[in-house]
Amino acid sequence: LEQMPPSATVLDFLSGSSPLGSNPVEDSHSALRWLLFVLGNEARYPSEAVQFIRGLNIDFKNISGIVQGFGDVGSGIVKLFAAMPHFGKFKITIRGISNKFFAIYHERGLDSEFLLEAREIAELDPDSLTLDRLLKMRGLQKNLAGATVWIANQCDRKNGNELLEANRQAVIKELFEKLGITPVFGDASIVNELMYQKATILFPAAAGNVINDISQVKRLRVSVIAEG
């Protein structure tokens, strides 16, 4: 980092033209290290870059992430951070995950046991992590009071295109509320609400072009986007 020229500004990292690799975990870690380095060596860099970084309001002692998509890439990112929360010099907490069935978020972070259990379920077949399977997870029963879960109006994998019946929604709502979790039902796009929650890093790791409109950008509450 000390040899990186002042001309390599923060915008290079955020636009994807930085001299980094294609691994979203390593890239986000390198970007965070560089941002912190700039703030510690302000005289070497243009004041505009320094002010831009300060405006990101990153708490470098409490880095958090949300992972949109839970296939091989998304669940792999989650597994790494859940197993190694102190990644390099940063402690990184995963606040939320999503797939096509549901999204779940807690501002204080999701429990590591829950995240690793979710990865174990989805590792061989991402579609196996359905809403019904979520409700049976051991990790869901612990330490997730205060979380929000967004639920796409689909049944399980076998009947993925059917709307959830009203009575089934009522049962599911009651189950989550007993755990202190707030359920929100909607169409298939409801799971994308995860992207607009507060965190340091957003890892888009599902289909491409999920963020494709300025109205979406305005809703983002993250400082760094690291595409998987």
Side-chain angles (χ1 to χ4, degrees), residues 14 24-25 28-29 31-32 35 55-71 73-82 85 87 90-116 118-119 122 126 129 131 134 137 139-140 142-153 172-173 176-177 179-228:
L14 300 185
V25 173
S28 58
H29 180 254
L32 289 169
L35 295 174
L56 295 176
N57 295 317
I58 296 175
D59 180 356
F60 288 95
K61 294 182 179 180
N62 294 287
I63 303 296
S64 58
I66 48 182
V67 181
Q68 185 262 342
F70 211 72
V73 175
S75 66
I77 291 171
V78 166
K79 180 181 179 180
L80 178 60
F81 286 136
F87 192 79
F90 302 107
K91 180 180 180 180
I92 301 179
T93 301
I94 296 298
R95 290 185 174 181
I97 62 172
S98 71
N99 62 12
K100 67 181 182 181
F101 302 110
F102 66 86
I104 187 166
Y105 173 88
H106 200 306
E107 189 166 350
R108 74 161 183 254
L110 299 176
D111 185 75
S112 293
E113 179 183 345
F114 169 79
L115 293 170
L116 291 173
R119 160 67 178 186
L129 187 58
L131 179 63
L134 171 69
M137 287 175 60
L140 188 71
K142 303 177 182 178
N143 303 320
L144 286 181
T148 298
V149 58
W150 294 269
I151 302 167
N153 286 340
I172 291 170
K173 183 174 184 290
F176 277 117
E177 289 180 344
L179 298 172
I181 299 172
T182 302
V184 181
F185 295 90
D187 62 18
S189 67
I190 193 71
V191 296
N192 290 332
E193 287 300 308
L194 178 68
M195 297 192 301
Y196 309 121
Q197 307 310 305
K198 186 177 181 181
T200 311
I201 310 169
L202 166 62
F203 295 95
N209 299 317
V210 175
I211 303 172
N212 53 32
D213 188 86
I214 190 63
S215 63
Q216 292 178 287
V217 175
K218 290 179 178 179
R219 292 187 63 195
L220 295 177
R221 301 169 65 193
V222 298
S223 300
V224 177
I225 299 175
E227 188 168 6

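Atoms considered below: every heavy atom in the structure, side chains included; atoms not considered: hydrogens, waters and symmetry mates.
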Q: Can you tell me how far CD1 of Ile104 sits from CD1 of Ile181, rounded to the nearest 0.5 angstrom?
A: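 These two atoms lie 5.0 Å from each other.
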Q: How long is the straight-line distance from CD of Gln68 back to CD1 of Ile211, given to the nearest 0.5 Å?
A: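 Reported to 0.5 Å precision, the distance equals 7.5 Å.
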Q: Show me the pairs that pass salt bridge (charged side-chain N to carboxylate O under 4.0 Å, His left out) and involve residues 198-207, at least two apart or across chains.
A: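 Qualifying pairs: none.
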Q: What residues, two or more places apart in sequence or in another chain, satisfy side-chain contact (heavy atoms from CB on, under 4.5 Å) together with Asn57?
A: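 With sequence neighbours excluded, Asn57 shows a side-chain contact (heavy atoms from CB on, under 4.5 Å) to no residue whatsoever.
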Q: Give the intermediate values and the outcome of side-chain contact (heavy atoms from CB on, under 4.5 Å) for residues Asp111 and His106.
A: CA-CA 9 Å; Asp111 185 75; His106 200 306; over 6 Å; no
Q: Between Asn99 and Gly69 (side chain of the first, backbone of the second, donor and acceptor by atom type, cut-off under 3.5 Å), is there such a pair?
A: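 Judged by distance alone, no pair lies under 3.5 Å.
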Q: Using a 4.5 Å cut-off on heavy atoms from C-beta on, say whether the side chain of Thr200 contacts that of Phe60.
A: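 No, their side chains stay 4.5 Å or more apart.
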Q: Does Phe176 reach the side chain of Thr182, with side-chain heavy atoms less than 4.5 Å apart?
A: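 Not touching, per the 4.5 Å side-chain cut-off.
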Q: Can you see which heavy atom on Pro204 is nearest to which on Ala226, and at what distance?
A: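 Minimum heavy-atom separation between Pro204 and Ala226: CD-O, 3.4 Å.
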Q: Do you know the tightest heavy-atom contact between Ser64 and Ala199?
A: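 Minimum heavy-atom contact is OG-CA, 3.3 Å.
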Q: Taking only residues two or more places apart in sequence or in another chain, which ones pass salt bridge (Lys or Arg N to Asp or Glu O under 4.0 Å) with Arg95?
A: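 If we apply the salt bridge (Lys or Arg N to Asp or Glu O under 4.0 Å) test to Arg95, skipping adjacent residues, there are no hits.
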Q: Pairs in or reaching into residues 184-196: which pass salt bridge (charged side-chain N to carboxylate O under 4.0 Å, His left out), with residues at least two apart or in two chains?
A: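 Pairs touching residues 184-196 that pass the test: Glu193-Arg219.
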Q: So which heavy atom on Gly96 is nearest to which on Leu110, and how close?
A: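 Nearest heavy atoms, Gly96 then Leu110: CA-CD1, 3.8 Å.
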Q: Got Ile97 and Phe114 here, is their nearest side-chain heavy-atom distance under 4.5 Å?
A: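 Yes - at least one pair of side-chain heavy atoms lies under 4.5 Å apart.
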Q: Hey, are the side chains of Lys100 and Phe70 touching, using non-hydrogen atoms and a 4.5 Å cut-off?
A: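 In short, these two side chains do not touch, never coming nearer than 4.5 Å.
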Q: Could you go step by step and tell me if Ile172 and Phe185 meet the side-chain contact (heavy atoms from CB on, under 4.5 Å) rule?
A: CA-CA 10 Å; Ile172 291 170; Phe185 295 90; 4.0 Å; yes
Q: So, for Ile66 and Gln197, which heavy atoms are closest and what is the spacing to 0.1 Å?
A: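 That closest heavy-atom pairing would be CD1-O, 3.9 Å.
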Q: Between atom OG of Ser28 and atom CZ of Phe90, what is the distance when rounded to the nearest 0.5 Å?
A: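 Answer for the OG-CZ pair, Ser28 versus Phe90, is 9.5 Å.
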Q: State, yes or no, whether a side-chain contact exists between Val222 and Ile201 at a heavy-atom distance under 4.5 Å.
A: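 A side-chain contact is absent here, since even the closest heavy-atom pair is not under 4.5 Å.
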Q: Hey, are the side chains of Ile58 and Ile63 touching, using non-hydrogen atoms and a 4.5 Å cut-off?
A: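 Yes, side chains in contact.
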Q: Looking at residues at least two apart in the chain, or sitting in another chain, which of them share a side-chain hydrogen bond (donor to acceptor under 3.5 Å, both in side chains) with Ser98?
A: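 So Ser98 forms no side-chain hydrogen bond (donor to acceptor under 3.5 Å, both in side chains) with any residue.
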Q: Of all heavy-atom pairs between Thr93 and Gly109, which one has the smallest distance, and what is that distance?
A: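 Taking every non-hydrogen atom into account, CG2-CA, 3.5 Å.
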Q: Using every non-hydrogen atom in the two residues, find where Leu194 and Tyr105 come nearest and quote the distance to one decimal.
A: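 Taking every non-hydrogen atom into account, CD1-CB, 3.8 Å.
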Q: Checking side-chain contact (heavy atoms from CB on, under 4.5 Å) for the pair Leu140/Leu134: CA distance, chi angles, key distance, verdict?
A: CA-CA 7 Å; Leu140 188 71; Leu134 171 69; 4.1 Å; yes
Q: Can you check whether Arg119 reaches Leu115 side chain to side chain, under 4.5 Å on heavy atoms?
A: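 Arg119 does not reach Leu115 side chain to side chain.
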Q: Would you please name every residue forming a side-chain hydrogen bond (donor to acceptor under 3.5 Å, both in side chains) with Arg221, sequence neighbours left out?
A: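 So Arg221 forms no side-chain hydrogen bond (donor to acceptor under 3.5 Å, both in side chains) with any residue.
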Q: Would you say the side chain of Ile151 lies within less than 4.5 Å of the side chain of Ile190, judging by non-hydrogen atoms?
A: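 The answer is no, as the side chains (C-beta and beyond) never meet within the 4.5 Å cut-off.
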